[in-house]
There are 2 protein chains.
Amino acid sequence: MISDKKTSLTNKEAFVRRITKEILSGKWKPGDRLPSERELAAEMGIGKTVVHSGFEQLATMGLVHIKPKSGTFVADYMKIGNIETLNAIVQLNGNELGRDVVKAILDLRLAIEGEALRTLCLCRSTENIVHLRSITKDIRDIADNIGVEELAEHFFIWHREICILSGKSVLTLFMNTTHDVSIAFWANYLRMYGASFAIDRLEQFTDLIEARDGEGAYNLLASGIADYLARLDSNAGS
Amino acid sequence: MISDKKTSLTNKEAFVRRITKEILSGKWKPGDRLPSERELAAEMGIGKTVVHSGFEQLATMGLVHIKPKSGTFVADYMKIGNIETLNAIVQLNGNELGRDVVKAILDLRLAIEGEALRTLCLCRSTENIVHLRSITKDIRDIADNIGVEELAEHFFIWHREICILSGKSVLTLFMNTTHDVSIAFWANYLRMYGASFAIDRLEQFTDLIEARDGEGAYNLLASGIADYLARLDSNAGS
DNA sequence: GCAACCATCTGGTCCGACCAGTTCAATTTT
DNA sequence: AAAATTGAACTGGTCGGACCAGATGGTTGC
């Protein structure tokens with residue numbers, strides 16, 4: 001479920017990756033007009049249909065803006081883009097996440113999960129607590145025997161469980177769309193803090209939810225995020 | 001900016017609308033296997049490429065799941081879909097929003113804007129307050145002379161401004177992706193409460209931000225949403 | 001100097017052919 | 001009779017070339 005290695009790229013995938021890389025690397029800047037579909041198709045030796053389909057995909061990611069009968073332009077993706085843009089950045093850069101991207105992910109987690117925590121604290125049942133303690137124990141049992149990427153997947157699932165239990169399905173929806181980006185974050189986090197520390201925090205969250213302390217749970221999340229960002233900045237300065 | 005009337009549909013648009021309608025109406029249920037691309041193409045008298053492109057679009061909306069070389073299946077869109085799914089529902093149903101969709105939008109607004117309000121209360125400048133009062137006055141000045149749809153656009157922009165001023169750009173990103181869905185909501189809200197009441201609330205928000213009362217601003221948002229949902233339910237029962 | 005014009009370029013749509021992986025029933029082997 | 005093998009008939013994925021209509025920008029005619 002985790003590995004999704006692509007050994008051979010299709011022409012369309014190759015095209016999308018190339019343009020994405022060129023835009024994010026700064027070769028093309030927001031407002032620039034990209035070469036025409038025919039031009040790019042001829043240059044890469046592929047069909048115009050493929051280029052067109054690729055541009056459509058880039059447009060849904062918010063990286064480009066298609067102006068019919070006129071041209072395709074690089075969008076101001078940091079302003080008008082959506083979460084797909086973040087996913088694209090992560091998929092391209094792998095584990096080398098820029099500070100801005102990490103900050104964006106954490107801002108989002110605080111908003112979505114913070115609200116989920118507040119809601120869950122208001123409506124949590126005894127079964128919810130038992131369930132959370134159970135999956136936390138599962139993670140602790142296997143933490144030493146699996147890789148950091150797989151462990152990151154479990155942390156993602158744990159936090160998504162908070163959204164599911166809160167009953168606000170739209171929060172879960174959003175968590176799903178941040179999957180790729182979240183995995184990359186958790187992998188970084190686990191490498192920095194270690195698995196034991198991270199799992200302890202899961203138990204602290206559960207305690208606060210059991211005590212129906214919404215503010216406390218929110219503050220634990222917020223302070224953890226602030227601490228992580230501070231460490232990131234101090235490491236960058238070293 | 002608001003009107004986006006399509007007088008003539010392309011084959012692809014017609015196909016996407018048809019399948020979307022059939023899925024949301026319940027003709028196809030999650031897990032069902034849809035007819036093959038060739039079958040649908042022949043039935044509608046269009047090219048297979050068009051059907052394929054349409055399925056790709058439906059897949060990005062989270063409505064279907066494409067299993068290569070095997071078939072296209074209806075996705076459990078309420079669980080694995082994303083915000084595009086909500087937009088699709090709104091575009092199909094127009095102003096006739098189901099209760100579940102409205103609830104989802106409001107859950108989302110509370111999470112995103114609630115966080116933006118808290119953040120803004122911590123970092124607001126005097127200029128921010130002046131700016132908010134200025135655009136609020138602008139809305140009040142023109143409220144009586146424009147239609148409810150256009151007014152809804154202004155309310156959307158006002159609330160997006162909260163995200164922008166908070167400095168957390170990812171929240172603005174998410175607000176952008178909810179544009180269509182938000183406009184539909186505000187139009188409903190304004191018809192229910194009237195413009196005057198809604199604009200008064202904008203001023204109350206500004207007062208609380210000026211007082212750096214993050215909890216108060218959050219509670220104003222939350223109570224407003226709860227009240228709206230309660231009115232919605234009581235109307236449904238009449 | 002200005003307005004009308006038109007060749008050219010753009011993205012949008014569409015088709016029919018081909019590719020490669022999946023599926024499953026008929027066939028062969030054990 | 002049961003299990004393994006095969007292979008034909010599907011599936012979605014790719015592709016290039018054709019055509020459309022709107023945008024563009026230089027040229028022509030006034």
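Just so it is clear: chains get the letters A, B, ... in the order the sequence lines come, proteins before strands, and each one is counted from 1.
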Exercise for the section: Measure the CZ-OG1 distance between Phe55(A) and Thr72(A) for me, rounded to the nearest 0.5 Å. Expected result: 4.5 Å
Can you give me the N/O atom pairs linking the protein to nucleotides 20-26 of chain C at distances under 3.5 Å, or say none if there are none?
from	atom 1	to	atom 2	distance (Å)
dG21(C)	O4'	Lys69(B)	NZ	3.1
dT22(C)	O4'	Lys69(B)	O	3.4

Practice task
Identify whether any heavy atom of Gly54(B) sits under 4.0 Å from a base atom; if not, whether one sits that close to sugar-phosphate; answer base, sugar-phosphate or nothing.
Solution key: nothing
Partner set under side chain to side chain contact (heavy atoms under 4.5 Å, CB included) for [X], not counting sequence neighbours:
X         : value
Ile164(A) : Arg160(A), Glu161(A), Thr172(A)
Met192(A) : Tyr228(A), Arg231(A), Leu232(A), Asn235(A)
Asn128(A) : Leu120(A), Arg124(A), Ser125(A), Leu165(A)
Lys27(B)  : Glu22(B), Ser25(B)

Whole-Å gap separating [atom2] ([N]) and [atom1] ([X]):
X        : N       : atom1 : atom2 : answer
Ile66(B) : dT11(D) : CD1   : C1'   : 12 Å
Lys12(B) : dG11(C) : NZ    : P     : 15 Å
Leu58(B) : dG12(D) : CG    : P     : 13 Å
His65(B) : dT11(D) : NE2   : P     : 17 Å
Glu56(A) : dG12(C) : CD    : C1'   : 9 Å
Phe15(B) : dG12(C) : CZ    : C1'   : 18 Å

Exercise for the section: For the residue pair Tyr189(B) and Trp186(B), categorise the inter-ring angle as parallel (less than 30°), tilted (30 to 60°) or perpendicular (more than 60°). Expected result: perpendicular
Handout entry: ring-ring contact (aromatic ring centres under 6.0 Å, His included) contacts touching residues 30-50 of chain B (sequence neighbours left out)
Key = none
Practice task
Any pair with a residue in residues 20-53 of chain A that passes ring-ring contact (aromatic ring centres under 6.0 Å, His included), sequence neighbours left out, goes on the list, sorted by first then second residue, please.
Solution key: none
Problem - Qualifying salt bridge (Lys or Arg N to Asp or Glu O under 4.0 Å) pairs with a residue from residues 43-52 of chain B, counting only residues at least two apart or across chains - result: Arg18(B)-Glu43(B), Glu37(B)-Lys48(B)
Problem - Nucleic acid contacts of residues 33-42 of chain A, taken as heavy-atom distances under 4.0 Å to DNA chain D - result: Arg38(A)
Practice task
For Phe55(A) and for Val50(B), find the nucleotide of DNA chain C with the closest heavy atom, then tell me which residue's nucleotide is more 5'.
Solution key: Phe55(A)
May I ask you to verify if any side-chain N or O of [X] is less than 4.0 angstrom from the OP1 or OP2 atom of [N]?
X        : N       : answer
Thr49(A) : dG17(D) : no
Thr72(B) : dT11(D) : no
His52(A) : dG12(C) : yes

